**Student:** 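Structure below; questions to follow.
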Amino acid sequence: MPAIRLPDGSTRRFEEPVTGAALAAAIGPGLARAAVAMTVSGKLVDLSSVIDADSDVRFVTRDDPEALALIRHDAAHVLAEAVQSLYPGTQVTIGPAIENGFYYDFAREPPFSPEDFPPIEEKMRAIVAAKEPFDREVWEREKAIRFFEEKGEKYKAEIIRDLPESETITLYRQGGWVDLCRGPHMRTTGDVGTAFKLMRTAGAYWRGDHRNPMLSRIYGTAWRNQKELEAYLVMLAEAERRDHRRLGREMDLFHLQDEAVGSVFWHPLGWRLYRTVESYMRRRLDAAGYQEVRTPQLVDRSLWEKSGHWEKFGAHMFTAQVEDEDRTLALKPMNCPCHVQIFTQRVRSYRELPLRLAEFGSCHRYEPSGALHGIMRVRAFTQDDAHIFCTEEQIGAETIRFMALLSTIYRDLGFPEFAVKFADRPPVRAGADETWDRAEAALREACAEAGVTYVLNPGEGAFYGPKLEFVLKDAIGREWQCGTLQVDFVLPERLDAEYVAEDGRWRRPVMLHRAILGSFERFLGILIEQYAGRLPLWLAPLQAAVATIVSDADAYAAEVGRACAEAGLNVEVDSRNEKINAKVRDWSLRHVPAMLVVGRREAEAGTVALRRLGAAEQEVLPMAEAIARLAAEATPPDLRRSGPQTSACA
RNA sequence: GCCGACGUAGCUCAGCGGUAGAGCAACUGAUUCGUAAUCAGUAGGUCCUCGGUUCAAAUCCGAGCGUCGGCACCA
C-alpha cells in the first residue's frame with residue numbers, strides 16, 4: 001500500500017502497487033497525456049514502472065529539460081531500428097544520448113556515408129509516426145546471450161557477458177524491433193517527435209580501444225521542437241564564423257601549409273597578438289616569483305632515456321643525427337628534464353626552495369596526423385612552462401599561489417569561468433604505488449587548501465604523476481586542456497635531483513610541473529574563438545583604423561596616425577579612394593576594434609569621429625582626447641591594476 | 001594511426017570525359033562621397049602530387065600528400 005508524495009507536497013495512497021501511467025491518470029487526464037517518464041525517489045524510470053513502496057514521485061513531461069536526454073536516447077533506438085530494417089545484416093552495438101544529440105555505433109561493411117541519411121531519416125520518421133510503444137522486458141542472462149548470438153549480434157552478446165552478475169538484463173521492444181537497453185524510455189517512439197536530424201558519420205573503435213574493430217557511427221541531433229532544432233543549427237553556423245582557422249585568415253593572423261604540417265606561420269598581426277600575450281605572461285611570472293630560463297632545442301637521447309620519455313614517447317619525438325658523431329639528438333618534446341639539469345648544476349639548499357624555473361619553451365612532438373587541428377593541436381608549439389622545485393610540505397602553499405595566478409590570468413584574458421579536472425594514476429606509469437598514493441594525496445590536500453573544486457578524470461594523469469587540468473572550450477563547445485598542475489615525485493628521482501635539507505641531509509625535491517596557457521598556439525586559438533575575433537583593445541593586434549572621407553583630409557589623417565603611434569597604439573591609416581561605407585565595412589570585417597573617421601569637418605576642427613566596432617553611433621572628440629581614451633583602454637589589465645601608468649605599450 | 005568526406009584563382013564556390021568559369025579580393029582608370037560593398041576595365045589557374053585508362057582527363061581508376069569531422073593518442 002504505497003504512499004506517494006508528489007512535488008506539490010500532497011500524498012496519495014493506493015491499495016495496490018500502481019504504474020506511473022496509472023498514477024498520472026489518477027491525478028488528471030492532462031498529466032496523463034503530458035507525462036513521458038517519472039522520477040521515483042530521485043531515479044528516472046519508465047512510466048510503466050510499478051511503484052510498490054512509499055516514495056516521492058515527480059513526472060517528467062516532454063517539455064521538461066530532462067526530457068531532452070530521453071528524446072535523444074529514444075531517437076538512437078529509432079535510428080537503430082531504421083538502419084536494421086533498411087540494411088539487414090548490420091549489427092547494433094551502443095547508442096547513447098550525448099550533448100545536443102545522440103549517436104549509434106553499427107558494425108557494417110562498408111561503413112555508412114551521409115548519402116545514406118535521406119532514406120534512414122525517412123524511415124525514422126515513419127517509425128516515429130507509427131508510435132510504437134516501448135515495452136520493457138526482463139530477461140534471463142543466458143537466454144539473452146543466446147538470443148543475440150542467434151541473431152548474429154555478437155557485440156550485444158558480448159556486452160551482456162561483460163555485465164556484472166548483479167545487473168538485471170532488460171530488453172526494450174518497439175514494434176517488431178528489440179534492443180538490449182538499461183532504459184528508461186518514453187512511452188512510444190512517437191514521443192521522439194520530428195525535431196531531429198542526422199548530422200555526420202564517423203569511425204569509432206569498439207569499446208574505445210584502437211586494437212578493436214572500427215565501427216560505423218552515425219551522429220544525430222534531436223530536440224523537443226523544430227524551433228530548438230533550428231536554433232541549434234543556427235548556433236552551429238555562427239560557431240563556424242568564429243572558428244579560429246577562418247578568423248586567422250580573415251584577420252591575417254597566421255597560416256598553415258603542407259610544407260610544415262602542424263607548424264604555424266605567424267603573420268605580423270598574429271605575431272603581435274602572440275607577443276602581447278607573451279609580454280603579459282612574462283610580467284605576471286616575474287611578479288609571481290618565477291625565474292625565466294632558456295634551454296636547448298636539441299638534446300641527446302640519453303637524457304630522454306633517463307627521464308623515461310624515450311621509452312614512453314620515443315616514437316613521437318623528432319630526432320636528428322649528425323654524420324660526424326655517433327649520437328642521436330631529439331628535438332625537445334617538453335622542458336622538464338632540461339629544467340632539472342639547471343637545478344642539478346650545483347648543490348642546492350633548502351633555502352632556495354621553492355625554486356620556480358619558467359620557460360616559454362619551444363617544443364616539438366610528432367603528433368598523430370589525425371590529431372592535428374588548426375593551431376590548437378600542432379607539432380611545433382611553445383609552452384608557458386614552469387617547474388617548481390619544492391618540499392612536500394610546500395605543495396599546498398604553491399598550489400594556492402598557482403591557483404591565484406591562474407585565475408587572475410584567465411580572468412584578464414577573458415575566461416572568468418573554467419573547468420578543473422583531477423586526473424589520477426594512469427594504467428601505464430612510472431613510480432611505485434606508494435609514491436602515487438603520496439602524490440595523489442598531496443594534490444588532493446592542496447586542492448582542499450586552495451579551495452579548488454574539480455571533477456575526477458580517472459586514469460588520465462601523466463605517467464609520472466597526477467595532475468589538475470584546466471579546461472577551456474572552443475567555439476562549438478569542444479573542450480581543450482590548457483593549464484595544468486602536476487605533482488611529480490618520479491622525475492627528481494630518475495634525474496637525481498637533490499638538495500641539502502635543514503638537517504644537513506640530502507633530500508629529493510618534489511617537482512610541480514605547471515602551465516597556464518598550456519601552449520601559446522592552442523591558447524591563442526581559443527582566445528580568438530572566445531572573442532569571435534573581436535578582441536579587447538589591449539589584445540587587438542591592430543587597434544584602430546584612421547579612415548578618411550575625402551582626400552582633403554589625407555594629411556590630417558596621417559597626423560592622427562602619427563599621434564596614435566606616439567601613444568603606443570597600433571593603427572593603420574586608410575586613405576584609399578573608397579567611400580566611407582566601404583571602409584567601415586572592410587575594417588569591421590577585419591574586427592578592428594575602433595575607427596577614427598576624419599572628414600573635412602574633423603580636419604578643420606582637429607577632431608575625430610570615434611566609432612567602435614559594431615556600434616551604430618559615433619562620437620566626435622578632440623583628437624587628443626580620443627587617443628588618450630583608446631590608450632587608456634589599451635593598457636594591459638595587470639598594468640592598469642598596478643597604479644598610474646605612463647606607457648600604453650603592451 | 002584508424003573510418004569517412006573533401007582538395008579547381010588570395011577567398012567562397014560552379015563545372016564532373018571534348019578550348020578552365022563566376023562573385024568577392026588584387027591591379028588600372030573614373031568618381032571626392034559622412035559610418036557595413038561607387039562604377040568601368042585589366043590581370044590572375046601544372047584544376048593537390050605521381051601513375052594509369054582513353055583519340056582526349058579538372059572530370060574515370062590507383063597510390064601518395066594535405067585538410068575537415070569523428071575515433072584513438074595527447075609527456
Side-chain angles (χ1 to χ4, degrees), chain A residues 103 105 109-116 199-219 240 243 245-246 249-250 252 255-259 261-262 304 307-317 332-337 363 365-374 377 383 385 426 429-430 460-465 467 469 476 478 480-481 484 486 488 491 513 518-519 522 547-554 575 577-589 595 597-602 609-618 620:
Chain A
Y103 68 79
D105 284 348
E109 281 302 326
F112 291 106
S113 94
E115 286 171 19
D116 302 319
M199 300 297 281
R200 57 178 55 97
T201 59
Y205 296 107
W206 166 235
R207 299 203 148 163
D209 189 328
H210 68 275
R211 291 164 300 194
N212 287 340
M214 183 153 267
L215 305 170
S216 178
R217 177 174 295 181
I218 295 178
Y219 280 99
E240 200 178 311
D243 187 304
R245 292 164 294 198
R246 179 183 176 130
R249 187 180 58 240
E250 289 174 356
D252 196 14
H255 84 269
L256 298 155
Q257 69 182 54
D258 293 1
E259 287 77 1
V261 173
W304 308 108
S307 70
H309 290 99
W310 188 265
E311 191 195 349
K312 188 147 191 341
F313 295 108
H316 297 279
M317 286 163 74
K332 73 172 168 186
M334 28 107 75
N335 311 294
C336 345
C363 297
R365 295 178 185 174
Y366 183 67
E367 300 285 11
S369 55
L372 300 176
H373 180 95
R377 186 88 182 265
Q383 297 178 320
D385 202 4
R429 57 183 178 263
E460 294 294 322
F463 76 90
Y464 48 71
K467 62 179 183 179
E469 302 173 333
I476 60 171
R478 285 178 292 213
W480 295 87
Q481 183 199 308
T484 185
Q486 309 171 1
D488 180 4
L491 262 194
H513 306 240
S519 86
R522 174 174 298 182
T548 54
I549 293 171
V550 290
S551 52
D552 286 352
D554 285 0
S575 313
N577 180 7
E578 288 290 350
K579 289 187 160 184
I580 191 61
N581 298 41
K583 295 186 184 183
V584 167
R585 179 178 150 84
D586 288 349
W587 295 109
S588 300
L589 287 175
M595 283 190 77
V597 178
V598 293
R600 210 168 271 128
R601 294 202 295 266
E602 288 77 11
L610 177 60
R611 181 190 200 277
R612 302 306 301 250
L613 176 59
E617 301 292 312
Q618 51 275 336
V620 179

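Side chains are part of it too, since the values below use all heavy atoms of this structure and drop only hydrogens, waters and symmetry mates. The model shown is predicted, which means the values in this text are computed figures rather than measured ones.
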**Student:** Under 4.0 angstrom, heavy atoms only, what part of the nucleic acid is Arg478(A) near: base, sugar-phosphate, or nothing?
**Tutor:**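 It contacts sugar-phosphate atoms only.
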**Student:** Can you find a donor-acceptor N/O pair under 3.5 angstrom joining the side chain of Glu259(A) to the base of rG66(B)?
**Tutor:**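 Side chain to base: no pair below 3.5 Å.
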**Student:** Whole angstrom is fine here: how far is it from CG in Leu589(A) over to P in rU12(B)?
**Tutor:**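 Rounded to whole Å, this separation is 15 Å.
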**Student:** Quick one: label Glu240(A) by what it contacts on the DNA or RNA (base, sugar-phosphate, nothing), any heavy atom closer than 4.0 Å.
**Tutor:**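 If one applies the 4.0 Å heavy-atom cut-off, Glu240(A) turns out to touch nothing in the nucleic acid.
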**Student:** What contact category does Gly308(A) fall into here, base, sugar-phosphate, or nothing, at under 4.0 angstrom with non-hydrogen atoms?
**Tutor:**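 It contacts nothing in the nucleic acid.
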**Student:** Applying the Watson-Crick and G-U wobble criteria at under 3.5 Å, what pairs with rU54(B)? Answer none if nothing qualifies.
**Tutor:**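 The base-pairing partner of rU54(B), which may sit in any strand shown, does not exist here.
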**Student:** State, with a plain yes or no, whether a side-chain heavy atom of Asp105(A) is found less than 4.5 Å away from one of Ser216(A).
**Tutor:**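 No, their side chains stay 4.5 Å or more apart.
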**Student:** Under 4.0 Å between a side-chain N/O of Arg249(A) and OP1 or OP2 of rU12(B), yes or no?
**Tutor:**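 It does, given that an N or O in the side chain of Arg249(A) lies less than 4.0 Å from OP1 or OP2 of rU12(B).
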**Student:** Grab the CZ-C1' distance between Arg377(A) and rU67(B) for me, whole Å please.
**Tutor:**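 Those two atoms, CZ and C1', are 17 Å apart.
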**Student:** Just checking Arg200(A): base, sugar-phosphate only, or nothing, at a heavy-atom cut-off of under 4.0 Å?
**Tutor:**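 Touches sugar-phosphate only.
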**Student:** For Arg365(A), which contact category applies under a 4.0 Å heavy-atom criterion: base, sugar-phosphate, or nothing?
**Tutor:**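 Counting heavy atoms under 4.0 Å across all strands, the contact made by Arg365(A) includes a base.
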**Student:** Rounded to whole angstrom, note down the C1' distance from rU46(B) over to rG70(B).
**Tutor:**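 Approximately 34 Å lies between the C1' atom of rU46(B) and that of rG70(B).
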**Student:** For nucleotides rG4(B) and rA63(B), find the distance between their P atoms and express it as a whole number of Å.
**Tutor:**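 My reading of the P atoms in rG4(B) and rA63(B) gives 12 Å.
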**Student:** Can you tell me the base-pairing partner of rU38(B)? Count Watson-Crick or G-U wobble geometry only, both distances below 3.5 Å, and say none if there is no partner.
**Tutor:**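 The base-pairing partner of rU38(B), which may sit in any strand shown, is rA30(B).
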**Student:** Could you give the distance separating rC16(B) and rA25(B) at their C1' atoms, to the nearest angstrom?
**Tutor:**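 rA25(B) and rC16(B) have their C1' atoms separated by 27 Å.
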**Student:** What N/O pairs connect the protein and nucleotides 38-44 of chain B at under 3.5 Å? Give each pair on its own line.
**Tutor:**
none

**Student:** For the pair Phe313(A) and Phe463(A), name the ring-plane relationship: parallel under 30°, tilted 30 to 60°, perpendicular over 60°.
**Tutor:**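 Taking Phe463(A) first and then Phe313(A), their aromatic rings sit tilted (interplane angle of 30° to 60°).
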**Student:** For rC2(B), which nucleotide is its Watson-Crick or G-U wobble mate, given both distances must be under 3.5 Å?
**Tutor:**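 Its partner is rG70(B).
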**Student:** Does atom CD of Gln257(A) have more than 12 heavy-atom neighbours from other groups under 6.0 Å away?
**Tutor:**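 Atom CD in Gln257(A) is crowded, with more than 12 foreign heavy atoms closer than 6.0 Å.
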**Student:** Among rC74(B), rA75(B), rG69(B), find the nucleotide with the atom closest to the side chain of His373(A).
**Tutor:**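 Of rC74(B), rA75(B), rG69(B), rG69(B) is nearest to the side chain of His373(A).
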**Student:** Relative to the 5' end of RNA chain B, which residue comes earlier, Gln383(A) or Leu372(A), by the nucleotide with the nearest heavy atom?
**Tutor:**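 The residue whose closest nucleotide sits nearer the 5' end is Leu372(A).
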**Student:** Do Trp304(A) and Pro337(A) make a side-chain contact, defined as non-hydrogen atoms from C-beta onward lying under 4.5 Å apart?
**Tutor:**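 Yes. Closest side-chain heavy atoms under 4.5 Å.
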**Student:** Mind checking Tyr464(A) for me? I need base, sugar-phosphate or nothing, with any heavy atom below 4.0 Å counting as a touch.
**Tutor:**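 Sugar-phosphate, backbone atoms only, no base.
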**Student:** What is the distance, rounded to the nearest whole Å, between atom CZ of Arg246(A) and atom P of rG10(B)?
**Tutor:**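 My rounded result for the distance is 18 Å.
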**Student:** How long is the line joining CZ of Arg585(A) and C1' of rA37(B), in whole Å?
**Tutor:**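 To the nearest whole Å, that distance equals 5 Å.
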**Student:** Just name whichever nucleotide pairs with rA63(B), Watson-Crick or G-U, keeping both distances under 3.5 Å, else none.
**Tutor:**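 rU49(B) - that is the nucleotide pairing with rA63(B), both distances being under 3.5 Å.
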**Student:** Taking atom P in both rG23(B) and rC60(B), what distance in whole Å separates the two?
**Tutor:**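 Going atom to atom, P in each nucleotide, I get 26 Å.
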**Student:** With a 4.5 Å cut-off on side-chain heavy atoms, are Thr548(A) and Lys583(A) touching?
**Tutor:**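 SC-SC contact between Lys583(A) and Thr548(A) confirmed.
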**Student:** What is the separation between atom CZ on Arg207(A) and atom C1' on rC71(B), rounded to the nearest whole Å?
**Tutor:**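 The distance from CZ of Arg207(A) to C1' of rC71(B) comes to 16 Å, rounded to the nearest Å.
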**Student:** Is the shortest heavy-atom distance from the side chain of Tyr366(A) to the side chain of Met317(A) under 4.5 Å?
**Tutor:**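 Not touching, per the 4.5 Å side-chain cut-off.
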**Student:** In a check of side chain to side chain donor-acceptor pair (under 3.5 Å) between Tyr464(A) and each of Arg429(A), Lys312(A), Gln486(A), which one passes?
**Tutor:**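 Of all the options given, the one that passes is Gln486(A).
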**Student:** If you look at every strand shown and take non-hydrogen atoms under 4.0 Å, does Gly374(A) touch a base, only sugar-phosphate, or nothing?
**Tutor:**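 Counting heavy atoms under 4.0 Å across all strands, the contact made by Gly374(A) is with sugar-phosphate only.
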**Student:** Could you give the CH2-to-P distance, from Trp206(A) to rC71(B), as a whole number of Å?
**Tutor:**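 Taking atom P of rC71(B) as the reference, CH2 of Trp206(A) is at 17 Å.
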**Student:** Below 4.5 Å, heavy atoms only, C-beta onward: do Glu367(A) and His316(A) meet side chain to side chain?
**Tutor:**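 No, too far: nothing below the 4.5 Å cut-off.
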**Student:** Look at all strands and tell whether Ala609(A) reaches a base, only sugar-phosphate, or nothing, counting heavy atoms closer than 4.0 Å.
**Tutor:**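 It contacts base atoms.
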**Student:** Sticking with atom C1', work out how far rG69(B) lies from rA57(B), rounded to a whole angstrom.
**Tutor:**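 That atom pair is separated by 30 Å.
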**Student:** Could you tell me how far apart Asp385(A) (CG) and rC74(B) (C1') are, to the nearest whole angstrom?
**Tutor:**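 Distance, rounded to whole Å: 15 Å.
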**Student:** Between C1' on rG66(B) and CG on Asp258(A), what's the gap in Å once rounded to a whole number?
**Tutor:**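 Atom CG in Asp258(A) sits about 4 Å away from atom C1' in rG66(B).
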**Student:** Counting only side-chain heavy atoms from C-beta out, which of rU35(B), rU32(B), rG69(B) sits nearest to Ser551(A)?
**Tutor:**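 Closest nucleotide among those given: rU32(B).
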**Student:** Using a heavy-atom cut-off of under 4.0 Å over every strand shown, decide if Arg600(A) touches base, sugar-phosphate, or nothing.
**Tutor:**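 Touches a base.
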**Student:** From C-beta outward on His309(A), which listed nucleotide comes closest to its side chain: rA75(B), rG34(B), rA36(B)?
**Tutor:**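 Closest of the options to the side chain of His309(A): rA75(B).
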**Student:** Name the nucleic acid region contacted by Lys332(A), choosing base, sugar-phosphate or nothing; use a 4.0 angstrom heavy-atom cut-off, strictly under.
**Tutor:**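 If one applies the 4.0 Å heavy-atom cut-off, Lys332(A) turns out to touch nothing in the nucleic acid.
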**Student:** Say you pick atom P in rG62(B) and the same atom in rC3(B); how far apart are they, in whole Å?
**Tutor:**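 Each nucleotide's P atom is 15 Å from the other's.
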**Student:** Expressed in whole Å, how much space separates the P atoms belonging to rU32(B) and rU67(B)?
**Tutor:**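 The answer is 50 Å between these two P atoms.
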**Student:** Should Asp209(A) and Arg211(A) count as an ion pair when the cut-off is N to O under 4.0 Å?
**Tutor:**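 A salt bridge is present here (some side-chain N lies under 4.0 Å from a carboxylate O).
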**Student:** Under 4.0 Å between a side-chain N or O of Arg245(A) and OP1 or OP2 of rU67(B)?
**Tutor:**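 No, Arg245(A) has no side-chain N/O under 4.0 Å of OP1/OP2 on rU67(B).
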**Student:** Would Arg217(A) and Tyr219(A) count as a side chain to side chain donor-acceptor pair (under 3.5 Å) here? Give the steps.
**Tutor:** CA-CA 6 Å; Arg217(A) 177 174 295 181; Tyr219(A) 280 99; 2.9 Å; yes
**Student:** Could I get a table of every N or O pair under 3.5 Å where one atom is in the protein and the other is in nucleotides 1-5 of chain B?
**Tutor:**
unit_1: rG1(B); atom_1: OP2; unit_2: Ser369(A); atom_2: OG; d: 2.4
unit_1: rG1(B); atom_1: N7; unit_2: Gly370(A); atom_2: N; d: 3.1
unit_1: rG1(B); atom_1: N2; unit_2: Tyr205(A); atom_2: OH; d: 2.6
unit_1: rC2(B); atom_1: O4'; unit_2: Tyr205(A); atom_2: OH; d: 3.3
unit_1: rC3(B); atom_1: O2; unit_2: Gly203(A); atom_2: N; d: 3.2

**Student:** Tell me which nucleotide among rA75(B), rU67(B), rU12(B) gets nearest to the side chain of Ala462(A).
**Tutor:**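 Selected nucleotide: rA75(B).
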**Student:** Are OP1 or OP2 of rA37(B) and a side-chain N or O of Lys583(A) less than 4.0 angstrom apart?
**Tutor:**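 Answer no for this pair, as no side-chain N or O of Lys583(A) is under 4.0 Å from OP1 or OP2.
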**Student:** Indicate yes or no: at least one non-hydrogen side-chain atom of Val584(A) is less than 4.5 angstrom from one of Arg611(A).
**Tutor:**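 Result yes, sub-4.5 Å side-chain heavy-atom pair found.
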**Student:** Suppose we define a pair by two distances each less than 3.5 Å, Watson-Crick or G-U wobble; what does rG17(B) pair with here?
**Tutor:**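 In the structure as shown, rG17(B) has no Watson-Crick or wobble partner.
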**Student:** Sticking with atom C1', work out how far rU49(B) lies from rC13(B), rounded to a whole angstrom.
**Tutor:**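 Pairwise C1' distance, rU49(B) against rC13(B), rounds to 23 Å.
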**Student:** Return the pairing partner of rA22(B) with a 3.5 Å limit on both distances, Watson-Crick or G-U wobble; otherwise return none.
**Tutor:**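 Pairing partner, where one exists within any strand: rU12(B).
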**Student:** Mapping Leu610(A) and Met317(A) to their closest nucleotides on RNA chain B, which lands nearer the 5' end?
**Tutor:**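 Its nearest nucleotide being more 5', the pick is Leu610(A).
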**Student:** I'd like to check Thr201(A) versus Pro111(A) (side-chain heavy atoms, cut-off strictly below 4.5 Å). Are they in contact?
**Tutor:**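 Side-chain contact under 4.5 Å: no.
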**Student:** So do the side chains of Gln618(A) and Val597(A) get within less than 4.5 Å of each other, counting heavy atoms only?
**Tutor:**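 They are not in side-chain contact.
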**Student:** Evaluate whether atom CD of Glu240(A) has more than 12 neighbouring non-hydrogen atoms of other residues, nucleotides or ligands under 6.0 angstrom away.
**Tutor:**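 No, the 6.0 Å shell around CD holds no more than 12 heavy atoms from other groups.
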